[in-house]
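First up is the structure itself, then whatever we jot down about it.
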Amino acid sequence: TEKRYSILPSSKSLIKSLDDQVFIEVYLDGNVNSGVKRLRNAVEDLLLSLKAESGQNIAYQFNNPIKGISKDEQQNIVKLFASKGLMATSLSSETDEGLSNQLIFPCALVTYKGRQFAVNFLENQIGYTPEDAINHSVINLEYKFVNAIKKLSLYRRQVIAFAEGHDELMPLETYDFEQTLKDNWFDVKRINITQGYKIPESIDLLIIAAPRKMFEEKDKFKIDQYLIS
(Lines give C-alpha, C1' and ligand atoms only; values in the text may rest on other atoms or scores of the structure.)
Protein backbone atom coordinates (compact mmCIF):
# COMPACT_ATOMS: atom_id res chain seq x y z
CA THR A 1 0.00 0.00 0.00
CA GLU A 2 2.96 2.32 0.55
CA LYS A 3 4.22 1.51 -2.99
CA ARG A 4 7.55 0.84 -1.33
CA TYR A 5 8.34 -2.31 -3.24
CA SER A 6 6.12 -1.85 -6.30
CA ILE A 7 8.08 -2.71 -9.42
CA LEU A 8 7.99 -0.64 -12.59
CA PRO A 9 5.69 -1.53 -15.52
CA SER A 10 8.73 -2.08 -17.75
CA SER A 11 10.11 -4.59 -15.22
CA LYS A 12 6.77 -6.40 -15.08
CA SER A 13 6.66 -6.61 -18.88
CA LEU A 14 10.14 -8.11 -19.06
CA ILE A 15 9.48 -10.64 -16.31
CA LYS A 16 6.22 -11.77 -17.92
CA SER A 17 7.96 -12.26 -21.28
CA LEU A 18 10.39 -14.87 -19.93
CA ASP A 19 10.05 -18.31 -21.48
CA ASP A 20 12.31 -20.14 -19.05
CA GLN A 21 13.16 -20.00 -15.37
CA VAL A 22 15.56 -17.42 -13.93
CA PHE A 23 17.41 -18.69 -10.86
CA ILE A 24 18.95 -16.14 -8.50
CA GLU A 25 21.37 -17.15 -5.77
CA VAL A 26 21.89 -14.36 -3.24
CA TYR A 27 25.01 -14.57 -1.08
CA LEU A 28 24.12 -11.94 1.52
CA ASP A 29 22.85 -13.98 4.43
CA GLY A 30 23.66 -14.82 8.01
CA ASN A 31 24.24 -12.79 11.16
CA VAL A 32 24.83 -9.20 10.00
CA ASN A 33 24.19 -5.77 11.50
CA SER A 34 20.84 -4.00 11.22
CA GLY A 35 21.79 -1.89 8.17
CA VAL A 36 22.99 -4.86 6.12
CA LYS A 37 20.00 -6.87 7.37
CA ARG A 38 17.74 -4.15 5.94
CA LEU A 39 19.50 -4.48 2.58
CA ARG A 40 19.18 -8.27 2.69
CA ASN A 41 15.46 -8.00 3.45
CA ALA A 42 14.96 -5.42 0.69
CA VAL A 43 16.51 -7.88 -1.78
CA GLU A 44 14.10 -10.57 -0.65
CA ASP A 45 11.12 -8.19 -0.88
CA LEU A 46 12.11 -7.32 -4.46
CA LEU A 47 12.57 -10.95 -5.46
CA LEU A 48 9.20 -11.84 -3.94
CA SER A 49 7.60 -9.11 -6.08
CA LEU A 50 9.38 -10.33 -9.22
CA LYS A 51 8.38 -13.90 -8.49
CA ALA A 52 4.75 -12.87 -8.05
CA GLU A 53 4.79 -11.27 -11.50
CA SER A 54 6.57 -14.16 -13.21
CA GLY A 55 4.51 -17.10 -12.06
CA GLN A 56 7.00 -19.97 -12.01
CA ASN A 57 9.77 -18.23 -13.95
CA ILE A 58 11.62 -16.64 -11.00
CA ALA A 59 13.26 -18.80 -8.33
CA TYR A 60 15.79 -17.74 -5.73
CA GLN A 61 17.62 -18.78 -2.61
CA PHE A 62 19.84 -17.13 0.00
CA ASN A 63 23.16 -18.66 0.92
CA ASN A 64 26.13 -17.67 3.08
CA PRO A 65 29.11 -19.03 1.09
CA ILE A 66 31.58 -18.90 4.01
CA LYS A 67 29.42 -20.37 6.74
CA GLY A 68 31.38 -22.90 8.79
CA ILE A 69 34.66 -22.70 6.86
CA SER A 70 38.17 -21.61 7.92
CA LYS A 71 39.81 -18.23 7.25
CA ASP A 72 42.05 -19.76 4.57
CA GLU A 73 39.07 -21.35 2.84
CA GLN A 74 37.24 -18.02 3.01
CA GLN A 75 40.02 -16.34 1.05
CA ASN A 76 39.77 -19.04 -1.61
CA ILE A 77 36.03 -18.32 -1.85
CA VAL A 78 36.75 -14.59 -2.21
CA LYS A 79 39.11 -15.31 -5.13
CA LEU A 80 36.67 -17.70 -6.76
CA PHE A 81 33.83 -15.22 -6.50
CA ALA A 82 36.00 -12.37 -7.80
CA SER A 83 36.76 -14.45 -10.91
CA LYS A 84 33.01 -14.50 -11.54
CA GLY A 85 32.62 -10.75 -10.95
CA LEU A 86 31.15 -11.20 -7.46
CA MET A 87 32.71 -8.83 -4.91
CA ALA A 88 33.07 -9.45 -1.18
CA THR A 89 33.50 -6.64 1.35
CA SER A 90 34.71 -6.37 4.93
CA LEU A 91 32.14 -5.02 7.37
CA SER A 92 33.53 -3.21 10.43
CA SER A 93 31.50 -2.83 13.61
CA GLU A 94 32.18 -1.91 17.21
CA THR A 95 31.71 -4.50 19.93
CA ASP A 96 32.39 -4.61 23.68
CA GLU A 97 35.74 -6.19 22.82
CA GLY A 98 36.72 -3.53 20.26
CA LEU A 99 36.49 -3.28 16.46
CA SER A 100 35.27 -6.39 14.69
CA ASN A 101 35.58 -7.18 10.96
CA GLN A 102 33.13 -9.45 9.18
CA LEU A 103 33.38 -10.68 5.59
CA ILE A 104 30.10 -10.35 3.68
CA PHE A 105 29.02 -10.97 0.09
CA PRO A 106 26.49 -8.30 -1.00
CA CYS A 107 26.04 -9.90 -4.39
CA ALA A 108 24.04 -12.44 -6.36
CA LEU A 109 24.47 -14.70 -9.37
CA VAL A 110 21.61 -14.67 -11.86
CA THR A 111 21.28 -17.70 -14.17
CA TYR A 112 19.06 -17.98 -17.26
CA LYS A 113 19.28 -20.59 -20.00
CA GLY A 114 22.77 -21.60 -18.92
CA ARG A 115 24.09 -18.02 -18.96
CA GLN A 116 25.11 -16.17 -15.80
CA PHE A 117 25.34 -12.54 -14.75
CA ALA A 118 26.93 -11.19 -11.56
CA VAL A 119 25.04 -8.56 -9.57
CA ASN A 120 26.85 -6.52 -6.90
CA PHE A 121 24.27 -4.47 -5.06
CA LEU A 122 26.19 -2.62 -2.34
CA GLU A 123 26.68 1.02 -3.40
CA ASN A 124 29.68 1.70 -1.16
CA GLN A 125 31.18 4.78 -2.80
CA ILE A 126 33.74 7.23 -1.41
CA GLY A 127 32.03 9.82 0.77
CA TYR A 128 29.03 7.63 1.59
CA THR A 129 28.19 7.04 5.22
CA PRO A 130 27.12 3.46 6.02
CA GLU A 131 23.51 4.64 6.03
CA ASP A 132 23.94 6.38 2.64
CA ALA A 133 25.43 3.20 1.20
CA ILE A 134 22.46 1.10 2.35
CA ASN A 135 19.88 3.66 1.16
CA HIS A 136 21.42 3.98 -2.31
CA SER A 137 21.80 0.21 -2.54
CA VAL A 138 18.11 -0.36 -1.75
CA ILE A 139 17.05 2.27 -4.30
CA ASN A 140 19.07 0.62 -7.09
CA LEU A 141 18.10 -3.00 -6.42
CA GLU A 142 15.34 -3.23 -9.01
CA TYR A 143 17.49 -1.72 -11.75
CA LYS A 144 20.40 -4.05 -11.04
CA PHE A 145 18.42 -7.28 -10.92
CA VAL A 146 16.10 -6.45 -13.82
CA ASN A 147 19.05 -5.26 -15.91
CA ALA A 148 20.78 -8.59 -15.29
CA ILE A 149 17.69 -10.51 -16.41
CA LYS A 150 17.35 -8.28 -19.47
CA LYS A 151 20.97 -8.86 -20.50
CA LEU A 152 20.61 -12.62 -20.08
CA SER A 153 17.38 -12.72 -22.09
CA LEU A 154 18.99 -11.13 -25.14
CA TYR A 155 19.49 -13.48 -28.07
CA ARG A 156 23.17 -12.58 -28.11
CA ARG A 157 25.58 -10.22 -26.44
CA GLN A 158 25.84 -6.89 -28.20
CA VAL A 159 29.28 -6.11 -29.62
CA ILE A 160 31.03 -2.79 -29.03
CA ALA A 161 34.24 -2.11 -30.95
CA PHE A 162 36.88 0.54 -30.35
CA ALA A 163 38.32 1.78 -33.63
CA GLU A 164 42.07 1.78 -34.27
CA GLY A 165 44.25 3.06 -37.10
CA HIS A 166 44.04 6.82 -36.54
CA ASP A 167 45.96 7.21 -33.28
CA GLU A 168 42.90 6.78 -31.09
CA LEU A 169 43.06 6.33 -27.31
CA MET A 170 45.08 3.27 -26.35
CA PRO A 171 43.64 0.28 -24.39
CA LEU A 172 45.30 1.53 -21.20
CA GLU A 173 43.49 4.86 -21.58
CA THR A 174 40.07 3.25 -22.08
CA TYR A 175 40.55 0.38 -19.63
CA ASP A 176 37.98 1.51 -17.04
CA PHE A 177 35.41 2.25 -19.75
CA GLU A 178 35.94 -1.14 -21.39
CA GLN A 179 35.70 -2.96 -18.05
CA THR A 180 32.42 -1.24 -17.26
CA LEU A 181 31.03 -2.33 -20.63
CA LYS A 182 32.19 -5.91 -20.03
CA ASP A 183 30.65 -5.88 -16.55
CA ASN A 184 27.36 -4.95 -18.21
CA TRP A 185 27.57 -8.00 -20.47
CA PHE A 186 28.78 -6.40 -23.69
CA ASP A 187 31.40 -8.04 -25.87
CA VAL A 188 34.19 -5.50 -26.28
CA LYS A 189 36.82 -5.68 -29.02
CA ARG A 190 39.14 -3.50 -31.08
CA ILE A 191 39.15 -3.15 -34.86
CA ASN A 192 41.60 -1.44 -37.18
CA ILE A 193 39.31 0.27 -39.68
CA THR A 194 42.18 0.97 -42.08
CA GLN A 195 42.29 -2.76 -42.82
CA GLY A 196 39.73 -4.80 -44.71
CA TYR A 197 37.11 -3.50 -47.12
CA LYS A 198 34.31 -2.84 -44.60
CA ILE A 199 33.39 -2.58 -40.93
CA PRO A 200 31.61 -5.83 -39.96
CA GLU A 201 27.84 -5.53 -39.56
CA SER A 202 28.11 -7.74 -36.47
CA ILE A 203 29.45 -4.71 -34.58
CA ASP A 204 26.51 -3.01 -32.85
CA LEU A 205 28.38 0.11 -31.80
CA LEU A 206 31.65 1.60 -33.09
CA ILE A 207 33.56 3.97 -30.79
CA ILE A 208 36.16 6.24 -32.38
CA ALA A 209 37.87 7.59 -29.26
CA ALA A 210 39.79 10.85 -29.74
CA PRO A 211 41.50 10.17 -33.11
CA ARG A 212 44.61 12.26 -33.75
CA LYS A 213 45.30 11.42 -37.40
CA MET A 214 43.41 12.45 -40.54
CA PHE A 215 41.01 9.92 -42.07
CA GLU A 216 41.60 8.86 -45.65
CA GLU A 217 38.58 8.89 -47.95
CA LYS A 218 38.43 5.10 -48.03
CA ASP A 219 38.08 4.98 -44.24
CA LYS A 220 35.40 7.69 -44.27
CA PHE A 221 33.56 5.60 -46.83
CA LYS A 222 33.74 2.50 -44.61
CA ILE A 223 32.28 4.45 -41.68
CA ASP A 224 29.55 5.88 -43.90
CA GLN A 225 28.58 2.43 -45.19
CA TYR A 226 28.59 1.06 -41.65
CA LEU A 227 26.20 3.78 -40.50
CA ILE A 228 23.69 3.18 -43.27
CA SER A 229 23.84 -0.62 -43.25
Side-chain angles (χ1 to χ4, degrees), residues 7-20 22 24 79-87 107-128 136-137 139-229:
I7 60 177
L8 295 170
S10 57
S11 299
K12 293 181 181 180
S13 177
L14 173 65
I15 296 303
K16 290 179 178 178
S17 71
L18 297 172
D19 59 3
D20 203 349
V22 173
I24 302 170
K79 292 177 182 178
L80 175 63
F81 274 43
S83 70
K84 297 179 180 181
L86 299 162
M87 298 295 108
C107 53
L109 192 63
V110 183
T111 303
Y112 181 67
K113 292 187 175 180
R115 300 188 292 270
Q116 294 184 319
F117 193 97
V119 176
N120 295 289
F121 46 79
L122 180 60
E123 296 284 336
N124 196 14
Q125 297 184 25
I126 295 174
Y128 278 2
H136 282 82
S137 300
I139 289 170
N140 288 320
L141 284 176
E142 180 178 341
Y143 167 76
K144 290 196 172 184
F145 278 97
V146 172
N147 180 60
I149 295 170
K150 181 178 180 181
K151 296 293 185 187
L152 292 173
S153 65
L154 294 173
Y155 176 72
R156 65 174 180 85
R157 289 194 188 195
Q158 292 181 302
V159 179
I160 297 177
F162 283 78
E164 294 183 335
H166 300 90
D167 199 14
E168 291 88 353
L169 295 180
M170 300 295 290
L172 187 62
E173 297 172 290
T174 60
Y175 177 80
D176 286 344
F177 186 19
E178 292 187 37
Q179 283 301 122
T180 300
L181 293 172
K182 290 176 182 177
D183 290 344
N184 283 277
W185 219 63
F186 291 101
D187 276 339
V188 180
K189 60 176 63 177
R190 288 185 164 261
I191 178 173
N192 190 325
I193 61 174
T194 66
Q195 300 173 358
Y197 70 96
K198 63 180 294 188
I199 297 170
E201 295 179 5
S202 59
I203 293 173
D204 298 287
L205 177 67
L206 179 69
I207 298 177
I208 306 174
R212 288 165 287 226
K213 287 184 178 178
M214 294 289 290
F215 285 72
E216 295 183 16
E217 289 302 317
K218 64 181 180 65
D219 297 328
K220 294 180 184 179
F221 179 75
K222 292 176 191 177
I223 295 170
D224 179 69
Q225 292 302 299
Y226 168 74
L227 290 172
I228 65 175
S229 64

Q.
Ignoring hydrogens, what is the shortest heavy-atom contact between Arg115 and Leu154? Give both atom names and the distance.
A. NH2-O, 3.5 Å
**Q.** Atom pair CG (Asn147) and CG (Leu14), whose distance is rounded to the nearest 0.5 Å
**A.** 9.5 Å
Q) Does some side-chain heavy atom of Glu168 sit less than 4.5 Å from a side-chain heavy atom of Ile208? A) yes
Q. Yes or no on side chain to side chain contact (heavy atoms under 4.5 Å, CB included) for Met214 and Asp167, after CA distance, side-chain angles and deciding distance?
A. CA-CA 9 Å; Met214 294 289 290; Asp167 199 14; over 6 Å; no
Q | Phe215 side, atom CZ; Ile223 side, atom CD1 - distance, nearest 0.5 Å | A | 5.0 Å
Q: Examine distances only and state if a side-chain atom of Lys213 and a backbone atom of Gly165 form a donor-acceptor pair shorter than 3.5 Å.
A: no
(Q) To check you understand the geometry: which heavy-atom pair defines the closest contact between Asn120 and Gly85, and what is its length? (A) ND2-O, 2.8 Å
Q: Verify, without hydrogens or angle tests, whether Lys222 (side chain) and Gly196 (backbone) share a donor-acceptor contact under 3.5 angstrom.
A: yes
**Q.** Pairwise distance NZ(Lys150) to OG(Ser10) - rounded to 0.5 angstrom
**A.** 8.0 Å
Q: Return the set of residues passing side-chain contact (heavy atoms from CB on, under 4.5 Å) with Phe177 (not counting sequence neighbours), or none when no residue passes.
A: Phe162, Leu181, Ile207
Q.
What's the separation between atom OG1 in Thr180 and atom OH in Tyr175, rounded to the nearest 0.5 Å?
A. 10.0 Å
Q: Say whether, by atom type as modelled, one donor and one acceptor occur between the side chain of Tyr112 and the main chain of Leu18 under 3.5 angstrom.
A: no
(Q) Between Ser13 (side chain only) and Pro9 (backbone N and O only), is there a donor and an acceptor less than 3.5 Å apart? (A) no
(Q) Leu80: which residues meet the side-chain contact (heavy atoms from CB on, under 4.5 Å) condition with it, sequence neighbours left out? (A) Ser83, Lys84
(Q) Walk me through whether Val110 and Leu152 qualify under side chain to side chain contact (heavy atoms under 4.5 Å, CB included). (A) CA-CA 9 Å; Val110 183; Leu152 292 173; 3.7 Å; yes
Q: Taking all heavy atoms of Asp219 and all of His166, pick out the closest pair and write down the distance.
A: OD2-NE2, 3.1 Å
Q | Derivation of the side-chain hydrogen bond (donor to acceptor under 3.5 Å, both in side chains) call for Ser137 and Glu123 | A | CA-CA 5 Å; Ser137 300; Glu123 296 284 336; 5.9 Å; no
Q: Side-chain contact test, heavy atoms from C-beta onward, threshold under 4.5 Å: evaluate it for Leu206 versus Ile191 and give yes or no.
A: yes
Q) How far apart are the closest heavy atoms of Phe81 and Cys107, and which atoms are they? A) CD2-SG, 4.5 Å
Q. Would you say Tyr226 and Ile193 make side-chain contact, with heavy atoms under 4.5 Å?
A. no
Q.
I need the minimum non-hydrogen distance between Ala148 and Val119, along with the two atoms involved.
A. CB-CG2, 3.6 Å
Q. Got a sec, which residues hit side-chain contact (heavy atoms from CB on, under 4.5 Å) with Lys182, two or more places apart in sequence or on another chain?
A. Gln179, Val188
(Q) Checking the side chain of Asp224 only, and the main-chain atoms of Lys220 only, is there a donor and an acceptor separated by less than 3.5 Å? (A) no
Q: Would you please name every residue forming a side-chain contact (heavy atoms from CB on, under 4.5 Å) with Asp187, sequence neighbours left out?
A: Arg157, Val159
Q | Lys151 atom NZ, over 12 foreign heavy atoms within 6.0 Å | A | yes
Q.
Return the OG to CG distance between Ser153 and Asp19, rounded to the nearest 0.5 Å.
A. 9.0 Å
(Q) Using a 6.0 Å cut-off, check whether atom CG of Leu172 has over 12 heavy atoms from anything other than its own residue. (A) no
Q | Other residues, nucleotides, ligands: >12 heavy atoms within 6.0 Å of Lys113 NZ | A | yes
Q) Quick one: side chain to side chain donor-acceptor pair (under 3.5 Å) partners of Arg190, sequence neighbours excluded? A) Glu164, Thr174, Glu178
Q: Sorted by first residue and then second, give each salt bridge (charged side-chain N to carboxylate O under 4.0 Å, His left out) pair with at least one member in residues 191-203; sequence neighbours left out.
A: Lys198-Glu201
Q. For the atom pair CG (Leu109) and CG (Leu86), what is the distance rounded to the nearest 0.5 Å?
A. 5.5 Å
Q) Counting only heavy atoms not in Lys218, do more than 12 sit closer than 6.0 Å to its NZ atom? A) yes
